[in-house]
Amino acid sequence: MKSTVSDIGLAKTGMLRFYSYYYSISLSIYHKPFLNPVTSCSLRACSTFSYIPDSTESFYDHLLKSCNGLASLKQIHSPLITTNLLLKSLHLGARIIIKYAEVGDPYSARCLFDGINENGYKPCSFIWNTMIRAYANGGHCMETLGLYSRMRRTGISPNNYTYPFVLKACASKVLILQGKAAHGDAFKCGFDLDLHVEAALVDMYAKCGQFGDARKIFDEMAIKDLVCWTAMVTAYEQAEKPEEALILFQKMQKDSLLADLVTIVSVASAISQLGDAKKAGAVHAYSIRHSLIENICVGNSIIAMHAKCGNMDKACLVFDKMDERNVISLNTMLSGYAQNGQASEALMLFESMHDSEVEFNEVTALIMVGVCAYLGSHCLGKKFHDFVTHSKMEIDVNLWNALMDMYAKCGDLETAVDMFNSKQSERDVSSWNVLISGYGMHGHGRQALELFSRMQEEGVEPNHITFTSILSACSHAGLIDEGKKCFANMKKWSVTLEDKHYACMVDMLGRSGFLEEAFDIIKEMPSPPSDAVWGALLLACKIHGNTELGEIAASNLFHLQPNVTGYYILMSNIYAASNKWQEVGMLRQVLRNKGLKKPAAFSVINYGKEFYGFHTGDRENPYWQEVYRKSESLAVELRMAGHVPNLSCALHDVEEEDKEHILKYHSEKLAVAFGIMMIDPGMTIRVTKNLRVCHDCHSALKFISSIYGRKIIVRDTNRFHHFEGGICSCKDYW
DNA sequence: TTAGGGTTAG
């Protein structure tokens, strides 16, 4: 009992003994069979007492405030029935109705409401409003509207309290027709100019996507308070119209209105959508100036905002200064690190939070499994899987899918397949997508197509991600006809063709040399192609040495993404391959002027508990001297086995002899040389590279897998290469 | 004795 009742509350009311008495009554009621405290509230007898003392109401108010579950609510409700106290206080009845709705039992709330209505109370709007509120707050839209309609038929007048609830219900289920009808009713009764009704109307029209109507009501309001302004700002933010939200926020400030925490959370979210670091700084400063940042929700929103603007240093500063943190603060930071490619920072933060009071949850696990997938670290991913298995967390289908995806992205497709097969009854469409995509990135196009057919046989409807995965799988495996068929079938499944689907088609056709056909696809696109589409064409032009089409793709890319180094490098490589050195020089000058640098190639290999990273020509790695010696001897063995260095893969402006020397120390060759030295023979060597594998390394690794009888798996930015017995799983098509 | 904006992570 004491655990559900505030001692302070009891001391204030002095009702401890009173409660003990009724508690014993409620216990005895529960021991009587077949007596449900709610349904038995027929409230037939009327009172022995003509009034209920204020102190009693106050006592029950305290009890209800501290009650947070159905069982304890019923214990409070029971003595009120047996003593008929409920009949004497409509206020208490209303409180219990609301409480039943809050604990998720609208049926009991309705029973009590019907009982009250049938037993002698003079019909009044108050109790009807209470029941309408209970339905509306619980998201029971149709019940709200049904009761509102019955209220009017019964002759009970709706008032200015009724409409905000009814409009809220319409807004929650985007029922614009019913919302408009309620607006009309409010107008007829003269309540449409009430401040609360107007705010609810603004919210309803905005949530139903009718921004013109929402804005008209908002603009014409005689008095606008903070809630109205925030309703409109939030409406724009939720509809992904961040510019409009911020314009309104500025206007609000000109009206000398101070934002509260609700406003600032919405504004921070709007800035997150824009990714505007400068505006993020201004809102951060505002939240400090007005002491809003001390609220944990605001703090978390500011962290998320900085993270989405790419500024993890500032996010970290807020996180470090927080007096109180919760699991959302931690997850926001972890996901920020993950989104900004700072995987090791995410791992360090996760480690550092082990001894804190914040408990990890399923979202933490989802983020961290994603970090392992990003790193391509099989051993770390396996550790997280063990961690999750041994924790109290529930492995739901989302986490299960994330784990499958992690195994696939860490090169362990077998485990991903085993996991998929072990959960037949609980699979969802994402489970199928994960495995189709896994087959695709490992070059198993046929298996991806078979799984796609099986998925349809089992009645699982493919979505836009399924088609991205299957088109990408066909592209990696060079299955052009199959890919075209899938692309044509998308309409059958009512899946809208998105930019990414076109990018897959351009990639598929372009890689296999059908450059003109790929360009035709672009020309047929209903909306302007994104950088992904033009990027796919540019890559294809590089593979097939098409300067003319490459220039078209590049000029679009330089316009769309003027600061992405990779596109300048690709175009420069196309020029270099056709000996257009003047153009090469020009593009390098552009990069210099913009202060852009070619990203350094980097390969990571896991050995024991550690990760060893190698840059091209690395001399910082603690093992670099041994690794260099191994690379020298490998170069000799490769020559003897028939490998001819592909000098076009080295820098273009150095002598031929130097080119061969540079090739020996490419990052993936250094990592594999390290693997051969350190990892037991018979164990797979797993390497992850931050760029695409170069052609010379690809050929060399095939030879190495044969010379040493080792299985080598390399994950590059696009896909996996499994080298074994002198061949690669990509069949030299990548 | 009832009312309007909404919590940040995946």
Side-chain angles (χ1 to χ4, degrees), chain A residues 57 61 89-95 97-98 124-134 136-137 158-168 171 191 194-204 206-207 214 217-218 221 223-238 245 248 252 259-269 272 287 292-293 295-308 315 318-319 322 325-339 358 360-371 396 398-399 401-402 430:
Chain A
E57 277 201 352
D61 268 347
S89 168
L90 198 58
H91 160 64
L92 269 181
R95 292 291 309 275
I97 286 174
I98 292 299
C124 69
S125 301
F126 166 61
I127 200 72
W128 282 79
N129 287 346
T130 303
M131 192 60 226
I132 287 176
R133 172 190 169 198
N137 286 350
N159 59 18
N160 51 324
Y161 289 91
T162 318
Y163 288 103
F165 301 132
V166 173
L167 292 165
K168 182 181 184 171
F191 293 121
D194 174 275
L195 179 65
H196 291 90
V197 176
E198 282 180 313
L201 281 168
V202 167
D203 186 56
M204 183 276 293
K207 288 205 172 109
I217 294 169
F218 176 80
M221 284 174 78
I223 304 163
K224 294 187 197 59
D225 66 0
L226 178 62
V227 174
C228 301
W229 280 97
T230 308
M232 203 64 228
V233 170
T234 307
Y236 281 128
E237 180 268 312
Q238 298 271 314
L248 217 57
M252 187 183 122
D260 68 359
L261 72 99
V262 182
T263 327
I264 220 71
V265 166
S266 275
V267 169
S269 181
S272 300
S287 69
L292 292 166
I293 201 154
N295 175 279
I296 196 163
C297 281
V298 174
N300 291 345
S301 309
I302 299 285
I303 293 176
M305 173 182 73
H306 283 311
K308 289 195 175 123
V318 178
F319 183 75
M322 282 174 116
R325 298 177 191 135
N326 59 15
V327 67
I328 297 177
S329 325
L330 170 67
N331 292 345
T332 309
M333 280 296 291
L334 291 174
S335 119
Y337 280 133
Q339 283 159 12
V358 177
F360 305 138
N361 66 8
E362 285 77 7
V363 179
T364 322
L366 265 176
I367 300 167
M368 292 313 294
V369 169
V371 166
D396 66 3
N398 294 324
L399 188 49
N401 290 342
S430 300

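Every chain is numbered from 1, with letters handed out A, B, ... down the list of sequences.
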Study note, to complete from the structure: Here the distance between atom C1' of dT8(B) and atom CG of Asn326(A), to the nearest Å, is 8 Å
Exercise for review: Choose from dA9(B), dG4(B), dT8(B) the nucleotide whose nearest atom is closest to any side-chain atom of Val227(A).
Suggested key: dG4(B)
Point to revise | Rounded interatomic separation in angstrom, taking CG from Leu330(A) and P from dG10(B) | key: 12 Å
Study note, to complete from the structure: note: Met221(A), atom CE; dG4(B), atom P; distance rounded to Å ~ 14 Å
Practice item. Would you classify Thr162(A) as touching base, sugar-phosphate or nothing, given that sugar-phosphate means primed atoms plus P, OP1 and OP2, and contacts are heavy atoms under 4.0 Å? Key: nothing
Check your understanding: Any side-chain N or O of Thr130(A) under 4.0 Å from OP1/OP2 of dT2(B)?
Key -> no
Review point. Can you tell me if the side-chain N/O atoms of Arg95(A) get under 4.0 Å from OP1 or OP2 in dT1(B)?
Key: no
Check your understanding: Roughly how far, to the nearest 0.5 Å, is CE of Met333(A) from CE of Met322(A)?
Key -> 10.0 Å
**Study point:** Within residues 194-203 of chain A, residues whose heavy atoms come under 4.0 Å of DNA chain B
**Key:** Asp194(A), Leu195(A), His196(A), Ala199(A), Asp203(A)
**Study point:** Closest nucleotide among dG5(B), dG4(B), dA9(B) to the Ala231(A) side chain
**Key:** dG5(B)
Exercise for review: Give one of base, sugar-phosphate or nothing for Asn361(A), where a contact means two heavy atoms less than 4.0 Å apart.
Suggested key: base
Check your understanding: When you measure from the side chain of Asp225(A), which nucleotide among dG5(B), dG4(B), dA9(B) comes out closest?
Key -> dG4(B)
Review point. Out of dG5(B), dT8(B), dG6(B), which nucleotide sits closest to the side chain of Leu261(A)?
Key: dG6(B)
Check your understanding: Taking atom C1' of dT1(B) as reference, at what distance in whole Å does atom CE of Met131(A) sit?
Key -> 17 Å
Study note, to complete from the structure: note: Ile296(A), atom CD1; dA9(B), atom P; distance rounded to Å ~ 14 Å
Point to revise | Out of dG5(B), dA9(B), dT2(B), whichever nucleotide has its closest atom nearest the side chain of Val363(A) | key: dA9(B)
Point to revise | Nearest to side-chain heavy atoms of Phe165(A), which nucleotide of dG4(B), dA9(B), dG5(B) | key: dG4(B)
Check your understanding: Val262(A): what forms a side-chain contact (heavy atoms from CB on, under 4.5 Å) with it, not counting sequence neighbours?
Key -> Thr230(A), Asp260(A)
Revision key, fill the gap. Taking dA9(B), dG5(B), dA3(B) as options, the one with an atom nearest any side-chain atom of Thr230(A) is dG5(B)
Review point. For Asn331(A) and dA9(B), what is the distance between atoms CG and P respectively, to the nearest whole Å?
Key: 10 Å
Practice item. Could you label the plane-to-plane angle of the Trp229(A) and Phe218(A) rings as parallel, tilted or perpendicular, counting under 30° as parallel and over 60° as perpendicular? Key: perpendicular
Distance-only donor-acceptor hits, side chain of residues 196-204 of chain A, under 3.5 Å, sequence neighbours excluded:
from, atom 1, to, atom 2, distance (Å)
Asp203(A), OD1, Lys207(A), NZ, 3.0
Asp203(A), OD2, Lys207(A), NZ, 3.0

Practice item. Would you check if Thr162(A) and Asn159(A) make a side-chain contact, meaning some heavy-atom pair closer than 4.5 Å? Key: yes
Review point. Rounding to a whole Å, what distance do you find between Asn160(A):CG and dT1(B):C1'?
Key: 14 Å
**Study point:** Qualifying residue for side chain to side chain contact (heavy atoms under 4.5 Å, CB included) with Arg133(A), from Phe165(A), Trp128(A), Tyr161(A)
**Key:** Phe165(A)
Practice item. Please determine, for the side chain of Asn300(A), which listed nucleotide (dT8(B), dA9(B), dG4(B)) has the closest atom? Key: dT8(B)
Review point. Under 4.0 angstrom, heavy atoms only, what part of the nucleic acid is Lys224(A) near: base, sugar-phosphate, or nothing?
Key: nothing
Review point. Among dG10(B), dT2(B), dA3(B), which is the nearest nucleotide to the side chain of Pro164(A)?
Key: dA3(B)
Review point. Does OP1 or OP2 of dT8(B) have a side-chain N or O of Lys308(A) closer than 4.0 Å?
Key: no
Practice item. Using only side-chain N and O atoms of Gln339(A), determine if any of them is under 4.0 Å from OP1 or OP2 of dG10(B). Key: yes
Study note, to complete from the structure: Test side chain to side chain contact (heavy atoms under 4.5 Å, CB included), reference Val318(A), set Ile293(A), Thr332(A), Val298(A), Asn300(A), output is Ile293(A)
Check your understanding: Do Leu330(A) and Phe360(A) come close enough that some side-chain heavy atom pair is under 4.5 Å?
Key -> yes
Revision key, fill the gap. Glu237(A) CD to dG6(B) C1', in whole Å, measures 10 Å
Review point. Does the side chain of Asn326(A) come within less than 4.5 Å of Ser329(A)'s, by heavy atoms?
Key: yes
Review point. Asn398(A) near the nucleic acid: base, sugar-phosphate alone, or nothing, with a heavy-atom cut-off under 4.0 Å?
Key: nothing
Practice item. Could you check whether Ile98(A) gets within reach of a base, just the sugar-phosphate, or nothing at all, counting any heavy atom under 4.0 Å? Key: nothing
